[in-house]
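Notes to accompany the following structure.
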2 protein chains.
Amino acid sequence: MKKQSVTIYTVAREARVSMATVSRVVNGNPNVKPETRKKVLEVIKELNYRPNAVARGLASKKTTTVGVVIPSVTNDYFARLALGIDDIASMYKYNMILTNSDADDGKALQVVRSMMAKQVDGIIFMGHDITPELRTEFENSTVPVVVAGSMTNDADLPTVRIDYHKATQEATKYLLDHAAKKVALVIGSKATTVNKDFRIPGYQAALKEAGQEVDDKLIFEAHDSYNEGYALAKTIQSTGVDAAFVSDDGIAAGLLNGLTDQGVKVPDDFQIITGNDTKLAEVTRPMLTTVTQPLYDIGAVAMRLLTKLMNGDQEESKEATTIEGSSVILAHGFVKRQSTK
Amino acid sequence: MKKQSVTIYTVAREARVSMATVSRVVNGNPNVKPETRKKVLEVIKELNYRPNAVARGLASKKTTTVGVVIPSVTNDYFARLALGIDDIASMYKYNMILTNSDADDGKALQVVRSMMAKQVDGIIFMGHDITPELRTEFENSTVPVVVAGSMTNDADLPTVRIDYHKATQEATKYLLDHAAKKVALVIGSKATTVNKDFRIPGYQAALKEAGQEVDDKLIFEAHDSYNEGYALAKTIQSTGVDAAFVSDDGIAAGLLNGLTDQGVKVPDDFQIITGNDTKLAEVTRPMLTTVTQPLYDIGAVAMRLLTKLMNGDQEESKEATTIEGSSVILAHGFVKRQSTK
DNA sequence: GTGAAAGCGCTAACAA
DNA sequence: TTGTTAGCGCTTTCAC
């Protein structure tokens, strides 16, 4: 790459002012005489001067760039969060370095390190849990981190999400209240914090409330979304279950289609509630009854929160976060469609 | 943000060598005596030194960051391209600044300017057309640009895509060969290059080949994906059409469900072929017959091509691009599912 | 209101 | 094989 041709120095020389003055007008510093400003602006336009953000970043120690770790862009759930993040980021003139972690802990660590090397001003982390190494990485840095759309094992991290416990409990109760005899819970992994500490307890609470015994065998794991959900259709039937709350829409769609293809009538013989509020839920036939989530807003609020943390005094913010817990819990909803009675 | 505590200088002092030597070992320069390297590496580890990529970028004029313009991350089509891009980018140690253009020309321009200000080493552009302003922006810069997953009005830009003309022609022919009497074409906008110069001519070629008259009224526009496709179900029937090739899966899914909800049997009374090869096509019932596209590969190849352009001599590359056309056309396919006879 | 000058942390000749 | 020395383009005191 060749040397940048027109720099702040070129402009300064051409406008017969100092670099400092050019810098001031570029940055909207009010301490510039209007006519000086006008002159500089003219020269900038004439020369088509564009400030070099890298140089600015080095000098100011701010890059107006945030890092966003996403398990998978092709998952509509995370993509909708990312859209909310990006919109607010753009609004605040931030750019976002977006990288897939492929839901792989090693890659997540590497990705975060790379972002920090690039001196991002903040990080939004999407994912279900954080390894000790990654946690150390976060702790050793002054860069604020916000978790969006899940709950991790690090309760100290500011997090924007819905109340997964309550949502799961409500959905389970709904099923129980609507003639379901035996309700299954289908989640990604029993080991993640969001499931272990929120969804499973919520599910169990609903069962207990209804006077039912909890049976761990009715909790199913499915990772690979649609296909695994489809395959699950057989397994799940053999357990005598006649309803399920499924946390992921891809899995739910697979389960629904798998069931249908086996001649099981949904919702007559089997009811399904899904939990991600993705487009998928409206495309299937029957359409899936869903716990709704303000996905876009979760992303947007996470980014807003991050801007606050980035601007406030770092230590103070961290303090506030840790102690008061600057986490945000947004309201979820429920839309009855065709997969429930 | 406070001054970075441990810099290349700290390491140099601690290891009793010069900054240059530290720089060499960090960058894998072989001209370092093994024991010196070892010593430096030790100090780096001990101090947990992390090179500052911003400073490196300023000094080397390379940021190992590419800009990616995406119309919408929440569209699975583009998300899959982005996944391919990101994977290859990671492989080559590039980060990606990803920004939604919302399919808005003004925003696309602004986004690109912002990326260039951040000194990205290259840009991957996803979108259907380029405004004169944006084209000027590209031309005035030395940053290589690759278009992925579409065809723009700028034929000089290296582009990675499938053969939209042929794909459309084949799909239309398939419908005609399978008892369709009157075939519609449903696209986003008649005005974009990819439709105006590729899909529409392909569609018309198939009709002519079959000895049918072309009727512009059988070409429908739908933008807002699913909902507009759903609404289209009524309109399209009134024209006596009994089959359609739909370029976008969201629209196709909407059309299918709209038709079904009106009691039209697919494929018996109406056949549909869709063109984006998105997950959606497998989730609907009946499942949608589809022109398949190597979406991930389109993104991956685009990123590979970009790395070549970024490494080669800039001018030379640009020359080669313009003259030989370094564009890549990948093979598409066809999967018959349930929405065709 | 404006300018001079010292960095920011690193790379890259050029010497040695 | 290693060190010295300029920058890269900008921000930011600190004077004036």
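Here the structure is a predicted model, which is why all the values come from computation and not from measurement. Quick note: numbers below take in every heavy atom, side chains included, and nothing from hydrogens, waters or symmetry partners. So you know, we letter chains A, B, ... as the sequences are listed, proteins then strands, and number each from 1.
A straight line from CD of Gln119(B) to C1' of dG9(D) spans 9 Å, rounded to a whole angstrom. Rounded to whole angstrom, the span from the NZ atom of Lys118(A) across to the C1' atom of dG9(C) amounts to 16 Å. What separates OH of Tyr49(A) from P of dG9(D) is a distance of 10 Å, to the nearest Å. When rounded to the nearest whole Å, the span between CG of Asn31(A) and C1' of dT13(D) equals 14 Å. What separates CG of Asn52(B) from C1' of dG9(D) is a distance of 15 Å, to the nearest Å. The separation between Arg16(B) atom CZ and dT1(D) atom C1' is 19 Å, rounded to whole Å. Rounded to an integer number of Å, the gap from Lys61(A) NZ to dC10(C) C1' is 11 Å. Atom CZ of Arg13(A) is separated from atom C1' of dA4(C) by 17 Å (rounded to the nearest Å).
The phosphate of dG3(C) has OP1 or OP2 within less than 4.0 Å of a side-chain N or O from Thr21(A). OP1 or OP2 of dT12(D) has not a single side-chain nitrogen or oxygen of Ser23(A) nearer than 4.0 Å. Between Thr7(A) and dG9(D), a side-chain N or O to OP1/OP2 separation shorter than 4.0 Å is absent. Checking the phosphate oxygens (OP1, OP2) of dT11(D), no side-chain nitrogen or oxygen of Ser60(A) falls inside 4.0 Å. For Arg56(A), no side-chain nitrogen or oxygen approaches OP1 or OP2 of dG9(D) to under 4.0 Å.
Val17(A) comes within 4.0 angstrom of the backbone, heavy atoms only, and of no base.
For dG3(D), the base has a donor-acceptor partner in the side chain of Arg24(B) [N/O atoms by modelled type, under 3.5 angstrom].
Lys118(A) pairs with exactly one of Thr63(B), Thr65(B), Asn52(B) by the side-chain hydrogen bond (donor to acceptor under 3.5 Å, both in side chains) rule, that one being Thr65(B).
Remark on DNA chain D: of its neighbouring residues Ala20(B) and Ile8(A), the 5'-side contact belongs to Ala20(B), judged by nearest-heavy-atom nucleotide.
Using the six-membered ring where Trp is involved, Phe125(A) and Phe138(A) have ring planes that are perpendicular, over 60° apart on the 30 and 60° scheme.
Glu137(A) has a carboxylate O that lies under 4.0 Å from a charged side-chain N of Arg50(B), or vice versa, which qualifies the two as a salt bridge. Ion pair Asp102(A)/Lys107(A) flagged as a salt bridge, since at least one NZ, NE, NH1 or NH2 atom sits closer than 4.0 Å to an Asp/Glu carboxylate oxygen.
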Next item on the list: Could you check Lys38(A) against Glu42(A) for salt bridge (Lys or Arg N to Asp or Glu O under 4.0 Å), going step by step and ending with a plain yes or no?
Entry: CA-CA 6 Å; Lys38(A) 184 158 169 288; Glu42(A) 276 172 18; 3.3 Å; yes
